[in-house]
Amino acid sequence: MLSYKSLGFVNTRKMFAKAMIGHYAVPAYNFNNMEQLQAIINACLETQSPVILQISKGAREYADETMLRYMGQGSVEMMKRMAREKGLKEIPIALHLDHGADFEICKSCIDNGFSSVMIDGSALSYEENVAVTKKVVEYSHEYDVTVEGELGVLSGVEDDVSSGTSHYTKPEDVEDFVKKTNVDSLAISIGTSHGVYKFKPGTNPKIRLDILAEIEKKIPGFPIVLHGSSSIPQEYVAMVNQYGGDLAAAIGIPEEQLREAAKSAVCKINIDSDGRLIMTGVIRKILMEDKKVVDPRKYLGPAREALKEMYARKNRDVLGSAGRV
Ligand code: G3H
Ligand code: 13P
Ligand code: ZN
């Protein structure tokens with residue numbers, strides 16, 4: 001058993017309590033490699049924002065769970081040293097399992113230094129979702145690890161599970177679910193979706209802030225999570241396509257709507273696809289423009305810098321988490 005506390009992580013309890021009172025959301029950014037992780041940590045330290053580092057099942061398979069744990073630990077050490085050097089406050093960092101599919105994967109993460117896990121029972125029946133979430137919560141709380149559950153189904157692709165249609169969370173279910181499971185936060189479906197292809201250009205995407213308000217009435221002060229919250233920056237879709245890519249036109253969740261949601265009980269906002277787009281766009285451009293480049297630092301470095309700028313801007317202008325440590 002490796003406690004997250006010995007690695008320097010925190011769970012999400014205090015982060016969410018502060019976010020609720022301060023009317024902002026804590027960023028939850030996914031990482032799979034060193035450059036993404038450095039960009040997240042550098043941006044969050046520079047903007048003095050708490051952060052949740054998310055690792056998906058796919059990330060565990062890609063980078064190896066042991067490697068990821070040491071990378072996470074290394075990022076805490078790097079953050080502390082940089083904070084000292086720059087005269088900044090240290091930032092709280094949570095290490096979180098994104099879309100945990102069953103009890104076993106959640107347990108393995110808890111036993112290996114994660115401070116927070118998501119048990120995603122949203123594809124199960126309501127009763128099965130309650131049962132598996134409760135089981136994960138009971139184990140997690142023994143080790144002071146916090147748990148995110150999910151009610152409702154988002155459309156889009158999560159790991160290898162894809163769902164063509166979304167089912168909004170039913171406000172009438174949330175109180176019962178929270179009471180029966182004792183979960184610490186709840187991911188809901190109100191019109192966001194996973195992946196790069198969210199909405200067709202020319203449509204007017206609207207997240208259902210009315211359903212969110214209904215949910216808040218049922219469970220006042222309870223931390224809500226929004227998945228699938230990338231905004232799909234159009235300049236990077238264009239950049240990917242200009243430099244040899246072939247992405248279909250698509251738009252994402254308008255940032256003003258995320259800002260609105262962050263002022264409410266939404267305490268955690270998940271963003272992955274925006275970073276993927278930016279990294280791909282920058283790398284494509286450099287490789288097309290400089291046909292002689294063979295040093296990965298020459299394209300991964302600028303991609304990391306562009307990612308960092310995006311995360312810092314999200315913290316400042318969208319989630320409102322900057323300056324909250
Ligand atoms: O919700 C899905 C995240 O974007 C993680 O994606 O499972 O391909 O790593 P992934
Ligand atoms: P995006 O695909 O919109 O970035 O959502 C990421 C996410 O929800 C990770 O859990
Ligand atoms: Zn998600």
Side-chain angles (χ1 to χ4, degrees), residues 12 25-33 35-37 39-40 51-65 67-68 71 94-102 105-106 109 114 116-123 147-163 166-167 169 185-199 205 207 224-234 236-237 247-248 250-255 257-258 261-262 266-281 307 310-311 313-315 318-319:
T12 57
V26 179
Y29 298 133
N30 292 68
F31 78 97
N32 298 266
N33 63 38
E35 284 77 11
Q36 290 172 318
L37 181 58
I40 296 167
V51 66
I52 298 168
L53 299 173
Q54 300 207 121
I55 294 179
S56 68
K57 173 171 157 257
R60 277 167 50 109
E61 286 161 6
Y62 176 76
D64 184 86
E65 63 177 319
M67 178 60 93
L68 283 167
M71 284 172 75
L95 187 66
H96 175 78
L97 168 67
D98 193 23
H99 294 286
D102 51 37
I105 189 170
C106 292
C109 287
F114 283 58
S116 172
V117 293
M118 174 187 192
I119 172 69
D120 182 355
S122 61
V147 182
E148 175 184 325
E150 179 166 342
L151 262 185
V153 181
L154 272 70
S155 67
V157 181
E158 291 168 8
D159 278 318
D160 29 0
V161 183
S162 74
S163 166
S166 67
H167 304 284
T169 307
S185 61
L186 184 66
I188 60 167
S189 170
I190 54 168
T192 61
S193 63
H194 287 107
V196 171
Y197 302 108
K198 297 193 194 297
F199 308 102
I207 52 177
I224 300 294
V225 177
L226 283 190
H227 282 247
S229 297
S230 280
S231 297
I232 315 301
Q234 296 299 294
Y236 284 97
V237 175
L247 297 177
I251 57 173
I253 312 294
E255 290 190 332
Q257 292 181 33
L258 293 172
V266 169
C267 291
K268 171 175 180 272
I269 292 187
N270 290 10
I271 295 172
D272 186 9
S273 297
D274 283 352
R276 294 176 174 197
L277 256 181
I278 289 173
M279 201 159 192
T280 304
L307 272 182
M310 182 273 285
Y311 293 130
R313 195 185 60 75
K314 292 272 184 194
N315 293 350
V318 184
L319 285 79

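Just follow the structure's listing: the first ligand is 1, and inside any ligand the first atom is 1. Residue numbers start at 1 and run along the sequence shown.
- Contacts between Arg276 and ligand 1 below 4.0 angstrom, taking non-hydrogen atoms only, involve the side chain exclusively.
- Within the listing of ligand 1, atoms 5 (C), 7 (O), 9 (O), 10 (P) sit less than 4.0 angstrom from a heavy atom of Ser56.
- In the vicinity of His99, heavy-atom distances shorter than 4.0 Å reach the ligand 1 atoms 1 (O).
- For ligand 2, the atoms lying closer than 4.0 Å to a non-hydrogen atom of Asn30 are 9 (C).
- Within ligand 2, the atoms closer than 4.0 Å to a non-hydrogen atom of His227 are 8 (O), 10 (O), numbered from 1 in the order shown.
- Residue contacts with ligand 1 leave out His227, since none of its heavy atoms falls under 4.0 Å from the ligand.
- The nearest heavy-atom contact from the protein to atom 2 (O) of ligand 2 is Ser273 OG, 2.7 Å.
- Under the 4.0 angstrom criterion for non-hydrogen atoms, Ser193 is in contact with ligand 2.
- Counting heavy atoms closer than 4.0 Å to ligand 2, residue Asp272 contributes atoms from both its backbone and its side chain.
- When heavy-atom distances to ligand 1 are checked against a 4.0 Å cut-off, Asn30 comes that close only through its side chain, counted from C-beta outward.
- The backbone of Ser229, and not its side chain, has at least one atom closer than 4.0 Å to an atom of ligand 2 (non-hydrogen atoms only; backbone = N, CA, C, O).
- What sits closest to atom 8 (O) of ligand 2 on the protein, heavy atoms only, is Gly228 N, 2.8 Å.
- The proximity of Thr192 to ligand 2, defined as any non-hydrogen pair under 4.0 Å, does not occur for either the backbone or the side chain.
- Which parts of ligand 1 touch Asp272 is read off a 4.0 Å heavy-atom cut-off, strictly below it: atoms 3 (C), 4 (O), 5 (C), 6 (O).
- Residue contact check: Lys198 has heavy atoms under 4.0 Å from atoms 1 (P), 2 (O), 3 (O) of ligand 2.
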